[in-house]
Amino acid sequence: MDDTSDDSDTSILPTEEYTPKIEDEFKHKSKDDLTSVCDRKKMREAVLSTSSNKPTGGGSSAATRRKTTNRSSASSIPSVYSSTDSDSRATQEIQKKPIRRRRQKRKARQNSSVTKAVEIESALATGDRDKLVQLSVSQLGLCNDKMRARVWPVLMNVDHLEDEDNVPTDEQVQKHPEYNQVVLDVNRSLKRFPPCIGEEERPLLQEQLTRLIIRVIITHPHLHYYQGYHDVAITFLLVVGEHLGYHIVERLSVSHLKEFMAPTMEPTSKLLQYMYPIIRQRNSDLHSHMVRAEVGTIFALPWLITWFGHVLPDYNDVVRLYDFFLAQPPMMPVYLATAIVLYRQQEILEAECEMSSIHGLLSQIPQDLPFEKLLVESQILYEYYPPHSVKVEAETGAVPSSYSSVANNFSTSVTKFIIYTAPVFLGIIIFKYYFQS
């Protein structure tokens with residue numbers, strides 16, 4: 001009785017003298033290789049077959065054999081009350097389904113990437129910029145950095161053969177008033193380098209990044225460097241190199257990034273205020289909750305001025321967003337920020353209605369955000385609430401009269417209807433009264 005009182009799972013474990021046989025079979029595989037489903041299944045089968053072939057002997061070996069025999073004999077007895085075999089098969093099927101679905105999704109993504117790569121090549125060959133814009137915005141973006149290095153210049157109307165006449169000397173770069181601040185920020189940008197960039201390559205890239213930034217500011221003296229500008233510039237440096245990177249960043253600086261490079265951050269703050277009118281029209285409860293908490297928009301400042309480059313740890317997410325932003329109007333990062341807030345509305349409403357609580361919640365962007373879905377949502381928001389339609393409310397904080405006048409017009413119409421129709425109703429009442437009497 002004592003022999004069978006232990007946990008039955010130990011009965012199938014091999015003894016030390018049989019484990020070398022299993023190790024020999026799998027020793028040529030690394031630990032990572034054994035993580036595959038097939039190898040784990042083979043390992044279990046090897047363990048089971050080894051335990052079933054163990055020779056009989058005295059002591060613990062006999063006890064283990066008895067436990068194995070009891071288990072196998074019990075499970076082999078047919079019974080209307082037992083469904084061990086069917087249950088195990090059902091369990092195996094359930095375990096296989098997620099694996100099968102993941103493989104199908106992976107294959108679908110690969111096929112989609114191949115198809116899109118062919119379409120991008122065709123659009124590049126024909127010079128169809130509109131098609132490239134469409135492909136940049138659609139799901140998966142431009143697929144890889146090789147494609148981005150060819151398409152991004154086209155999206156920004158940059159010629160690959162742009163001249164290099166205005167390249168500043170090292171002395172000019174180092175004497176620029178913003179040089180020290182740029183170097184400090186660039187030295188803090190180590191986490192922006194993807195894992196494929198080795199330590200020995202980073203000093204050269206940091207030198208190129210510093211020169212690229214100072215060169216833009218020298219070219220446009222009215223632009224002011226801001227902390228976070230280097231997060232945008234480094235993305236283009238990594239994808240297209242210093243030469244094309246400079247020309248793309250230079251054109252972005254006088255278009256999409258112009259408001260951020262003003263002498264003060266006031267224009268940037270005004271852009272962030274566009275979030276609230278959209279939130280109010282999409283979810284009035286969420287809008288009221290955030291207004292009562294006085295959370296403001298400071299939580300979204302690094303999102304906007306770095307194009308999310310500073311807050312997203314995954315390099316692939318960052319370049320995917322850049323595909324989207326380069327093919328969209330300059331205000332689109334504001335609409336993506338709004339889409340993220342709306343996506344997290346349940347979390348925000350459940351949080352304490354207090355500034356620090358909600359600010360702390362929104363400052364931390366979840367790592368598993370469905371960006372493809374959010375990019376679609378931001379386009380919908382832009383279509384339904386274009387910047388010109390929310391400008392007044394964003395700048396003044398007051399709901400435009402076009403919204404508040406609806407109720408007033410309704411009450412006015414009702415009043416006029418009563419006044420104009422009162423004599424008619426009065427005449428009908430008098431007429432019925434006299435005829436009935």
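Index from 1, following the sequence.
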Euclidean distance, Ile218 CD1 relative to Ile213 CD1, rounded to 0.5 Å: 12.0 Å
Partners passing ring pair (Phe, Tyr, Trp, His ring centres under 6.0 Å) against Phe325 (at least two apart in sequence or in another chain): Trp307
Salt bridge (charged side-chain N to carboxylate O under 4.0 Å, His left out) between Arg215 and Glu250, worked out: CA-CA 9 Å; Arg215 185 179 171 190; Glu250 183 264 334; over 6 Å; no
Side chains of Tyr335 and Pro329 in contact at under 4.5 Å (non-hydrogen atoms): no
Minimum side-chain heavy-atom gap Tyr246-Val216 below 4.5 Å: yes
Under 3.5 Å side-chain donor-acceptor pair for Tyr274 and Thr338: no
Whether Thr297 side chain and Ala300 backbone form a donor-acceptor pair below 3.5 Å: no
Flag side-chain contact, heavy atom, 4.5 Å: Val341 against Phe299: yes
Pair listing, side chain to side chain donor-acceptor pair (under 3.5 Å) test, anchored in residues 137-148, at least two apart: Lys116-Ser138, Asp145-Arg148, Asp145-Tyr315, Arg148-Asp323
Heavy-atom check, side chain of Leu321 versus side chain of Leu375, under 4.5 Å: yes
Asp185: salt bridge (charged side-chain N to carboxylate O under 4.0 Å, His left out) partners, not counting sequence neighbours: Arg188
Under the salt bridge (charged side-chain N to carboxylate O under 4.0 Å, His left out) test, residues paired with Glu121 that sit two or more places apart: Arg150
Minimal non-hydrogen separation, Ile358 against Ala351, with atom names: CG1-CB, 4.4 Å
Residue list, salt bridge (charged side-chain N to carboxylate O under 4.0 Å, His left out) with Glu119, at least two apart or on another chain: none
Separation of Met275 CE from Trp303 CH2 (nearest 0.5 Å): 6.0 Å
For the student: nearest non-hydrogen atoms of Leu140 and Arg320, plus distance: C-NE, 3.6 Å
Separation of Leu212 CG from His247 NE2 (nearest 0.5 Å): 9.5 Å
Set of residues satisfying salt bridge (charged side-chain N to carboxylate O under 4.0 Å, His left out) with respect to Lys373, sequence neighbours excluded: none
Closest non-hydrogen atom pair, Glu200 against Pro203: O-CD, 3.7 Å
Closest heavy-atom pair and its distance - Val311, Pro313: O-CD, 3.7 Å
Pairs where residues 118-155 contributes a residue and the test ring-ring contact (aromatic ring centres under 6.0 Å, His included) is met, not counting sequence neighbours: Trp152-Phe236
Residue pairs, two or more places apart or on separate chains, that pass salt bridge (Lys or Arg N to Asp or Glu O under 4.0 Å) and touch residues 234-243: Arg211-Glu242
From CA spacing to verdict: side chain to side chain contact (heavy atoms under 4.5 Å, CB included), His230, Val182: CA-CA 8 Å; His230 67 289; Val182 172; 6.0 Å; no
Salt bridge (Lys or Arg N to Asp or Glu O under 4.0 Å) contacts touching residues 124-144 (sequence neighbours left out): none
Side-chain donor/acceptor of Asn187 to backbone N/O of Val183, under 3.5 Å: yes
Nearest heavy-atom neighbours spanning His256 and Pro330: CD2-CA, 3.6 Å
Over 12 foreign heavy atoms within 6.0 Å of CE, Met355: no
Steps toward side chain to side chain contact (heavy atoms under 4.5 Å, CB included) verdict (Leu326, Leu252): CA-CA 9 Å; Leu326 287 173; Leu252 279 176; 3.9 Å; yes
Within residues 223-235 or reaching into it, pairs that qualify as salt bridge (Lys or Arg N to Asp or Glu O under 4.0 Å) - sequence neighbours excluded: Arg192-Asp231
Any donor-acceptor pair under 3.5 Å from Glu395 side chain to Lys270 backbone: no
Student check: side-chain heavy atoms of Leu155 and Ser136 closer than 4.5 Å: yes
Any side-chain heavy-atom pair of Tyr322 and Val239 under 4.5 Å: no
Distance in Å, Leu135 CG paired with Leu124 CG, rounded so as to fall on 0.5 Å steps: 9.0 Å
Side chain Glu393, main chain Val390, donor-acceptor under 3.5 Å: no
Phe260 and Ser253, any side-chain heavy atoms less than 4.5 Å apart: no
Evaluation steps, side chain to side chain contact (heavy atoms under 4.5 Å, CB included), between Leu342 and Leu381: CA-CA 11 Å; Leu342 290 168; Leu381 292 176; 4.0 Å; yes
Which residues share a side-chain contact (heavy atoms from CB on, under 4.5 Å) with Gln328, sequence neighbours left out: Val137, Phe324, Met332, Gln379
Sequence-distant partners of Tyr179, ring pair (Phe, Tyr, Trp, His ring centres under 6.0 Å), two or more places apart: none
Side-chain (Arg344) to main-chain (Leu361) donor-acceptor, under 3.5 angstrom: yes
Which atom of Ser378 lies closest to which atom of Ala339, heavy atoms considered: N-CB, 4.2 Å
Full working for side chain to side chain contact (heavy atoms under 4.5 Å, CB included) between Val232 and Val249: CA-CA 8 Å; Val232 177; Val249 174; 5.5 Å; no
Over 12 non-hydrogen atoms of neighbours within 6.0 angstrom of CD in Glu294: no
From Tyr385 atom OH to Ile278 atom CD1, the distance as rounded to the nearest 0.5 Å: 8.5 Å
Point-to-point distance, once rounded to the nearest 0.5 Å, from CG of Leu369 to CG of Leu312: 8.0 Å
Side-chain touch Gln345/His289, heavy atoms, less than 4.5 angstrom: no
Expected output: side-chain Gln181 to main-chain Glu178 donor-acceptor under 3.5 Å: no
Check: Gln367 side chain, Ile365 main-chain N or O, donor-acceptor pair, under 3.5 Å: yes
